[in-house]
There are 2 protein chains.
Amino acid sequence: MLHSVPDIDNSEALTERQQAVLDAALRLLVEEGDNLTMTAVARRASCSKETLYKWFGDRDGLLTATVQWQASKVRVASVDGKGLDLASLTASLERFASDWLKVISSDTSIALNRVAVSHAGSGKDNLGAVVLENGRFALAKRLKPVLEAGRKAGLLEFTDAEAAFRTFFGLVGRDVQIRLLLGDRLELTEAAIGGDAIRATQQFLALFGAKTGPQGL
Amino acid sequence: MLHSVPDIDNSEALTERQQAVLDAALRLLVEEGDNLTMTAVARRASCSKETLYKWFGDRDGLLTATVQWQASKVRVASVDGKGLDLASLTASLERFASDWLKVISSDTSIALNRVAVSHAGSGKDNLGAVVLENGRFALAKRLKPVLEAGRKAGLLEFTDAEAAFRTFFGLVGRDVQIRLLLGDRLELTEAAIGGDAIRATQQFLALFGAKTGPQGL
DNA sequence: AACGAGCCGTACCGTACGTTACGGTTCGGC
DNA sequence: GCCGAACCGTAACGTACGGTACGGCTCGTT
């Protein structure tokens with residue numbers, strides 16, 4: 001179980017300039033990975049190191065702020081569970097799957113996860129918690145209401161929404177994320193992602209779809 | 001697609017002493033993560049830094065040797081596809097799932113994956129390739145023959161063994177690996193792993209099992 | 001017994017980088 | 001126009017750590 005992240009609703013006391021600095025840091029993080037230097041960030045952001053330290057305390061603070069800043073920006077689209085028929089449920093699930101695959105295969109997501117994983121071992125694993133909270137747990141929070149709505153509408157059958165979500169998560173992600181994080185070239189074209197989303201959704205429905213009479217085919 | 005790792009069958013020119021040194025380095029890697037120092041390894045292994053450099057070239061060489069050494073040791077049990085009935089196929093799948101979960105939730109595996117992910121971004125991502133080759137791809141290589149045998153025996157139905165394997169992989173692993181890598185506490189007891197293995201296997205069979213007549217329930 | 005290879009322990013060097021300090025510049029408020 | 005705050009650019013400091021050098025010990029070989 002993950003501890004609650006201090007404050008999810010960040011992006012509060014961040015001036016435009018600070019956001020620009022964090023964006024520069026993020027771009028650098030994507031390019032250079034964890035081995036970016038404070039000097040490089042300062043140069044890229046056209047600001048002084050003194051400002052960096054005044055605003056973010058130290059290197060870890062800057063990294064944390066950067067990860068939080070980007071993580072809070074990435075929100076997978078939410079879907080309201082009003083249309084309760086099978087078609088709209090299927091569409092919603094495909095949408096979630098597609099969005100999720102697009103997120104985890106993006107350069108920034110890979111970079112963020114990389115640095116979070118790198119820092120997860122040593123003490124203050126704030127980054128890991130942040131990434132997890134804005135990634136996998138945020139997805140769960142958005143998807144579960146849809147699943148519940150599907151169940152209430154008699155379209156899905158499951159006892160534990162968490163378990164159902166995790167299965168969906170596995171069917172969508174499979175080995176993609178770990179392969180990308182480990183540096184495996186694995187280009188996901190728009191078309192491939194779409195196909196995967198449809199496949200994962202169909203498999204999920206085959207496992208958790210309500211059996212309405214004998215299904216042919 | 002992953003490039004072929006230079007030589008899979010390592011553990012060739014490694015003396016007992018060298019293996020002991022690598023084991024020490026591995027233990028340190030588990031404890032300290034990527035930020036272990038050559039001095040610490042030398043002290044832990046009771047050897048001189050000079051020896052470390054003579055044997056492994058530089059820090060990266062030591063890390064690579066360590067990862068290769070451990071990765072080559074971890075082999076998920078292989079199963080021969082001789083027993084062709086549903087019971088033995090199910091047992092094999094459950095065995096694979098259980099072994100795999102046990103591997104990816106072990107401290108050493110987490111540490112190895114962490115360091116491999118950390119190094120994946122910057123140039124020589126040898127580590128990522130090694131981990132992937134001895135982990136996810138080794139698993140595939142072992143499991144696919146079983147799947148093929150199951151298909152040949154009329155127990156499974158699929159067109160692409162790779163796709164079938166990836167689905168199995170997703171059903172088994174779900175969000176476990178990324179959560180562990182990101183520092184999420186997620187204790188997998190022996191019992192929980194066993195239950196997950198059974199569940200994943202049942203779900204896989206539900207998706208890829210041959211439809212022999214109308215299945216009730 | 002002599003000797004040399006291999007290795008341990010330690011001291012040492014060079015450098016990269018985190019962190020701090022400081023002079024110069026811009027800019028809003030009075 | 002003047003003042004102080006905030007900030008830029010850069011120089012400087014301290015240190016941790018990768019990598020090297022060297023003296024002494026062990027041990028196998030002759």
Side-chain angles (χ1 to χ4, degrees), chain A residues 12-67 69 111 114-116 118-119 121-127, chain B residues 12-67 69 111 114-116 118-119 121-127:
Chain A
E12 78 265 20
L14 284 182
T15 72
E16 285 285 339
R17 182 83 181 99
Q18 286 171 330
Q19 295 180 5
V21 169
L22 291 185
D23 277 329
L26 180 66
R27 255 177 298 133
L28 218 45
L29 200 64
V30 172
E31 298 171 15
E32 311 243 345
D34 195 3
N35 48 356
L36 50 67
T37 68
M38 299 297 279
T39 306
V41 173
R43 187 167 39 218
R44 177 69 70 97
S46 292
C47 74
S48 72
K49 293 212 273 182
E50 186 187 18
T51 303
L52 251 41
Y53 283 97
K54 178 176 296 182
W55 284 350
F56 307 107
D58 58 358
R59 189 177 184 275
D60 256 3
L62 173 64
L63 241 48
T64 303
T66 303
V67 170
W69 166 238
R114 285 233 180 95
V115 60
S118 304
H119 284 226
S122 46
K124 23 195 308 150
D125 60 345
N126 216 347
L127 297 188
Chain B
E12 74 272 13
L14 284 182
T15 72
E16 285 283 339
R17 182 83 182 100
Q18 287 172 331
Q19 295 181 3
V21 169
L22 290 185
D23 277 330
L26 179 66
R27 254 177 298 134
L28 218 45
L29 201 64
V30 172
E31 298 171 15
E32 311 244 345
D34 195 4
N35 48 356
L36 50 65
T37 68
M38 299 297 276
T39 307
V41 173
R43 188 166 37 218
R44 177 68 71 97
S46 292
C47 73
S48 72
K49 291 213 282 181
E50 186 187 20
T51 302
L52 249 41
Y53 283 99
K54 178 174 295 181
W55 284 350
F56 306 107
D58 59 357
R59 196 186 119 95
D60 256 3
L62 173 64
L63 242 46
T64 303
T66 303
V67 170
W69 166 237
R114 285 231 180 97
V115 60
S118 304
H119 285 226
S122 46
K124 26 196 305 152
D125 61 346
N126 216 348
L127 296 188

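In what follows, chains are A, B, ... by sequence order, proteins preceding strands, each numbered from 1.
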At 4.0 Å (heavy atoms only), tell me whether A/R17 reaches a base, stays on the sugar-phosphate, or touches nothing.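 If one applies the 4.0 Å heavy-atom cut-off, A/R17 turns out to touch the sugar-phosphate alone, with no base involved.
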Reckon B/L36 touches a base, only the sugar-phosphate, or nothing at all at heavy-atom distances under 4.0 Å?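 Sugar-phosphate, no base atom in range.
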Less than 4.0 angstrom between a side-chain N/O of [X] and OP1 or OP2 of [N], yes or no?
| X | N | value |
| --- | --- | --- |
| A/R59 | C/dA16 | no |
| A/T37 | C/dC17 | no |
| A/W55 | D/dA6 | no |

Can you list the residues that meet the salt bridge (charged side-chain N to carboxylate O under 4.0 Å, His left out) rule with B/D23, with sequence neighbours excluded?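 In terms of salt bridge (charged side-chain N to carboxylate O under 4.0 Å, His left out), with neighbours along the sequence ignored, B/D23 is linked to B/K73.
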Within the modelled atom types, does a donor on one side and an acceptor on the other bring the side chain of A/K49 and the base of D/dT10 under 3.5 Å apart?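 No.
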Want to settle it: does A/S46 or B/E50 sit nearer the 5' end of DNA chain D, counting the closest nucleotide to each?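 That would be A/S46.
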If you pin B/D58 and A/S48 to their nearest nucleotides in DNA chain D, which one's is more 5'?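 On the 5' side of the pair lies A/S48.
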So if I take the C1' atoms of five pairs at each end of the helix from C/dA1-D/dT30 to C/dC30-D/dG1 and get each local axis, what angle do the two axes make, rounded to 10 degrees?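 Roughly 10°, once rounded to the nearest ten degrees.
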Would you check if A/L36 and A/L63 make a side-chain contact, meaning some heavy-atom pair closer than 4.5 Å?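 The answer is yes, as the side chains (C-beta and beyond) meet within the 4.5 Å cut-off.
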Spacing of CG belonging to B/N35 relative to NE2 belonging to A/H119, to within rounding of 0.5 Å: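 Here the rounded value is 9.0 Å.
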